[in-house]
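Report on the following structure.
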Amino acid sequence: MIKTDALIIGAGPVGIFCVHQLGIIGLKCEVVDNLDKIGGQCIELYPDKPIYDIPALTKCTGEELTNNLIEQIKPFKTNFHLNERVEEIKKDKKNWIIKTNKSKEFEAPNIIIAGGVGSFEPRKFSAQEAEKFEGQQLFYSVKDKKIFKDKTISIFGGGDSALDWAIELSNTSKIILVHRRDDFRGAQTSIDKIHKLKKEGKIEIYTKYQLKSVTGKNNIEKIIIKHENESEKEIKTDYVLGFFGLIMKLGPITEWGLNIDKKHIPVSTENFETNQKGIFAIGDICTYPGKLKLILSGFHEGALAARECFKYARPDEKLRFEFSTTSKATHERLGIKK
Ligand SMILES: Cc1cc2nc3c(=O)[nH]c(=O)nc-3n(C[C@H](O)[C@H](O)[C@H](O)COP(=O)(O)OP(=O)(O)OC[C@H]3O[C@@H](n4cnc5c(N)ncnc54)[C@H](O)[C@@H]3O)c2cc1C
């Protein structure tokens, strides 16, 4: 059981900045995110796109913003629990007990939901047998590319992820690229490279095909792909990779006894608390009259939620309002030496 002052659900920009706001008033927190990296939509959906409305930054990309936010919270040495989804929460006396899908447990007087549009999850194959091999020889992301060396890999999808991995893994493996349409959607340079690799005999390409079935006893032995004209093809393969993009699911958040209004959590604008004491919602997931789904609004929401968290985490203390320019306590927490 990990005990902390606040558990933040979601490592998007708003969740990360809230770590800072808790940290400078002396509160500890832990952060859980379903994704394998920090940054939420900024890193998953638009890492290279410039953002123009972050105060005092004329222009920065989703990735630059994320890196700056991570740098800013370094002094607090916060633990991020990635690839984990918060599944269950329950009240135990004054504290909340929070459980993830990997059975990790946290105890905290405060939960801050910064879950954006919900947890990002990969769109999966509909072929039923695919589930049996998921996580063994069938994957929706690549964690360790070494396992694919000298093997045959069937890659499904027509976007950047499918093309980039087909190109990269073709250096060490036999690649079969399958896409349900004729045209690929990725960057033109990647499409050109794929066609070049095909000409060189390094990649086989099948378009207008989809996965029909996966077979094998313990490991995948072969797959059958089906053309839009109903003809079928059998392919011997060791691994299957699917890159069909991500879907966003509110998922378990809807089962925690919170008021939900059109997939959003209504909050009080005084402190961003939900209808449950000690549970806050900030960023894209919260709603209130006049809500703007902007990063800057989420920063403000996190600042107020953090101060309310102080009341539950330190009921016998009073929080004094201080500026970061002049607060000695803040400077100490940030490790600033004068
Ligand atoms: C293409 C595009 C361009 C944009 N441009 C701008 C712009 O110029 N300016 C601007 O201000 N905003 C912009 N936005 C909007 C901005 O990205 C969002 O407002 C912002 O990302 C919201 O931050 P967040 O931290 O609330 O949520 P998110 O960034 O969505 O992060 C939420 C995180 O919570 C995780 N999560 C959810 N549920 C769970 C769970 N149960 N367990 C574990 N983890 C969970 C998710 O995996 C995700 O990583 C843009 C958005 C897009 C898509």
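Numbering of ligands and ligand atoms starts at 1, following listing order. Quick note: numbers below take in every heavy atom, side chains included, and nothing from hydrogens, waters or symmetry partners. None of these values were measured; they are calculated from a predicted model.
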Presence of salt bridge, [Y] and [X], under 4.0 angstrom:
{"X": "Lys236", "Y": "Glu221", "result": "no"}
{"X": "Lys124", "Y": "Glu131", "result": "no"}
{"X": "Lys198", "Y": "Glu200", "result": "no"}

Are [X] and [Y] close enough that a side-chain donor and a side-chain acceptor fall under 3.5 Å?
{"X": "Asn219", "Y": "Gln137", "result": "yes"}
{"X": "Asp182", "Y": "Thr207", "result": "yes"}
{"X": "Tyr312", "Y": "Glu273", "result": "yes"}

Going by heavy-atom distance to [atom], choose the closest among [options].
{"atom": "atom 49 (O) of ligand 1", "options": "Ile8, Asp33, Asn101", "answer": "Asp33"}
{"atom": "atom 32 (C) of ligand 1", "options": "Ala114, Gly39, Gly40", "answer": "Ala114"}
{"atom": "atom 23 (O) of ligand 1", "options": "Pro13, Gly116, Cys286", "answer": "Pro13"}
{"atom": "atom 42 (N) of ligand 1", "options": "Val86, Leu65, Ile98", "answer": "Val86"}
{"atom": "atom 10 (C) of ligand 1", "options": "Leu292, Leu294, Ile9", "answer": "Leu294"}

Inset, instruction - Please state whether Glu84 comes within less than 4.0 angstrom of ligand 1, counting heavy atoms only. - result: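 It does; at least one heavy atom falls under 4.0 Å.
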Inset, instruction - For Gly298 and ligand 1, answer yes if some heavy atom of the residue is under 4.0 Å from a ligand atom, otherwise no. - result: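 In this structure, Gly298 fails to qualify as a contact of ligand 1 - no heavy atom is under 4.0 Å.
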Legend entry - Proximity of Asp53 to ligand 1 by residue part, where a heavy atom lies under 4.0 Å: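 Asp53 to ligand 1: side-chain contact only, backbone stays beyond 4.0 Å.
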Inset, instruction - For ligand 1, note which part of Lys293 has a heavy atom under 4.0 Å away: side chain, backbone, both or neither. - result: backbone
Less than 3.5 Å between some nitrogen or oxygen of [X] and one of ligand 1, yes or no?
{"X": "Trp256", "answer": "no"}
{"X": "Lys49", "answer": "no"}
{"X": "Ile295", "answer": "yes"}

Nearest protein heavy atom with distance in Å, relative to [atom]:
{"atom": "atom 34 (O) of ligand 1", "value": "Gly10 CA, 3.2 Å"}
{"atom": "atom 50 (C) of ligand 1", "value": "Tyr46 OH, 3.4 Å"}
{"atom": "atom 29 (O) of ligand 1", "value": "Gln41 N, 2.9 Å"}

Pull out every atom of ligand 1 sitting under 4.0 Å from any heavy atom of [X], numbered as shown with elements.
{"X": "Arg85", "answer": "40 (C), 41 (N), 42 (N), 43 (C)"}
{"X": "Gly283", "answer": "26 (O)"}
{"X": "Val32", "answer": "43 (C), 44 (N)"}
{"X": "Val14", "answer": "23 (O), 24 (P), 25 (O), 26 (O)"}
{"X": "Gly118", "answer": "37 (C), 38 (N), 46 (C)"}
{"X": "Leu45", "answer": "53 (C)"}
{"X": "Ile51", "answer": "7 (C), 8 (O), 9 (N)"}
{"X": "Leu35", "answer": "47 (O), 49 (O)"}

Legend entry - Atom NZ of Lys37: over 12 foreign heavy atoms under 6.0 Å: yes
Please report whether the ring centroid of [Y] lies less than 6.0 Å from that of [X].
{"X": "Phe272", "Y": "Tyr288", "value": "yes"}
{"X": "His179", "Y": "Phe184", "value": "yes"}
{"X": "Phe125", "Y": "Phe156", "value": "yes"}

For [X], the option from [options] that meets side-chain contact (heavy atoms from CB on, under 4.5 Å):
{"X": "Val31", "options": "Ile8, Leu7, Asn79", "result": "Ile8"}
{"X": "His81", "options": "Thr100, Asp33, Ile2, Val86", "result": "Ile2"}
{"X": "Ile73", "options": "Ile16, Ile24, Leu22, Leu334", "result": "Ile16"}

Inset, instruction - For Tyr206 and His227, run side-chain contact (heavy atoms from CB on, under 4.5 Å): C-alpha distance rounded to whole Å, both residues' side-chain angles, the deciding distance at 0.1 Å, then the answer. - result: CA-CA 9 Å; Tyr206 296 98; His227 194 268; over 6 Å; no
